[in-house]
There are 2 protein chains.
Amino acid sequence: MEDVRHVLQLITRRFGFLNKNCCSVGGVDVSLIQSHILYEIDRQHHPSMQQIAETLGMDITTFSRQVQSLIRKKLVKKSPSDQDRRVYILELTTEGKFVAAAIEQQVQDYLTQIFFHMNEFEKETVIRSLKLLNASMEKTGVCCS
Amino acid sequence: MEDVRHVLQLITRRFGFLNKNCCSVGGVDVSLIQSHILYEIDRQHHPSMQQIAETLGMDITTFSRQVQSLIRKKLVKKSPSDQDRRVYILELTTEGKFVAAAIEQQVQDYLTQIFFHMNEFEKETVIRSLKLLNASMEKTGVCCS
DNA sequence: GACTTTACTTGCAAATTGCAAGTATAAGAT
DNA sequence: ATCTTATACTTGCAATTTGCAAGTAAAGTC
């Protein structure tokens, strides 16, 4: 139990490294945080700025500027909502989707490699455990909608 | 399998948030990265600068300055090695140990909370799974000695 | 003893941060 | 209807953090 922190720290670090290295696609470079933003915009259906900033636990002003940067790179599109014109709806451009997919592919390749060292039973156990852990973390409600 | 990335992303994020919030001890504030530095100096026995920077995957120059900052806060001590006077040996000061321990305590409390939602069997399975996952990640050798 | 490598630091310019203060729209109160 | 308050987002600014290039100083190599 004492070493759970350490193991989690290592897993987190390794997973973070992965993302860090995988953020250059074609001519475009995106930072780690930007890749997370792309990822979340892709996942959530036409989210607002707030939603993504909240999900990622970022300060909204920092987020605002990151989005500006992604718009400059033509990876993200921002349009005012019809229902409430204070809010802006985010979506990926075609190129944004392409970059997100390329990153996704690299992550999946890495995950495949990792699970390659396990047999089917281990693999399933690990995946189930991760989900359970995540669910437990959610219950304690430290963060992240 | 497709959602493993997402689950890992969430776990990572939640675990990162935890650390982010837990870095004010007594009068002293340390950033997330600094808390990781303290943690690793504590773990490794009289490590050099390189070693910690490498472990954390940080640029050595950035690391150098972070250490300077921790020394200013009197949490870390740096002394030239006897064997090789180019290298500096790092260790925590008494206060540094105190801060590291306080952070450790907060993390452990959080982990206890998380596992509180599981029965003994689940708990053991999850811990075993995390170790297995970490070992598999290590085999693919993306990072982190 | 001259060259190379290694461990670490500093200069600098760019990027990233958060707070305070701003604009603009929406919702609620009278 | 309008006055106030709340919400969604942006901008100014000053502080921090970053990485590269160039530095120092000590080992190691030939």
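We name chains A, B, ... by the order of the sequence lines, and we start the count at 1 in each one.
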Rounded off to whole Å, could you give me the [atom1]-to-[atom2] distance for the [X] and [N] pair?
X     : N      : atom1 : atom2 : result
A/L32 : D/dG19 : CG    : C1'   : 16 Å
B/D84 : C/dC8  : CG    : P     : 8 Å
B/L56 : D/dT18 : CG    : P     : 12 Å
A/E54 : D/dT7  : CD    : C1'   : 14 Å
A/I71 : D/dC9  : CD1   : P     : 12 Å
A/Y88 : C/dT25 : OH    : P     : 9 Å
B/R86 : D/dG23 : CZ    : C1'   : 16 Å

Less than 4.0 Å between a side-chain N and a carboxylate O, is that true for [Y] and [X]?
X     : Y     : value
B/R13 : A/E40 : yes
B/E91 : B/K77 : yes
A/D29 : A/K73 : no

Next on the checklist: If you define the side chain from C-beta out and look only at heavy atoms, does anything of A/V7 sit under 4.5 Å from B/L133?
Outcome noted: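 A side-chain contact under 4.5 Å is absent here.
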Next on the checklist: Once you apply a heavy-atom cut-off of 4.0 Å, does A/S48 come out as touching a base, just sugar-phosphate, or nothing?
Outcome noted: sugar-phosphate
Checklist entry - With distance as the sole criterion, is a donor-acceptor pair present between the side chains of A/E138 and A/N134 under 3.5 Å? => result no
Item to check | Short side-chain donor-acceptor distance under 3.5 Å, A/Q68 and A/K78 | outcome: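 The answer is no; no qualifying pair exists.
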Checklist entry - D/dA27, C/dG18, D/dT18: which one has an atom nearest the side-chain heavy atoms of B/R85? => result D/dA27
Would you tabulate the pairs of protein nitrogen or oxygen atoms and nucleotide nitrogen or oxygen atoms of nucleotides 11-13 of chain D closer than 3.5 angstrom?
{"unit_1": "D/dT11", "atom_1": "OP2", "unit_2": "A/Q68", "atom_2": "NE2", "d": "3.2"}
{"unit_1": "D/dG12", "atom_1": "O6", "unit_2": "A/R65", "atom_2": "NH1", "d": "3.4"}
{"unit_1": "D/dG12", "atom_1": "O6", "unit_2": "A/R65", "atom_2": "NH2", "d": "3.2"}
{"unit_1": "D/dC13", "atom_1": "N4", "unit_2": "A/R65", "atom_2": "NH1", "d": "3.4"}

Next on the checklist: Quick check: on DNA chain C, is the nucleotide nearest B/Q50 upstream (toward 5') of the one nearest A/S69, or the reverse? Name the residue that is more 5'.
Outcome noted: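 That would be B/Q50.
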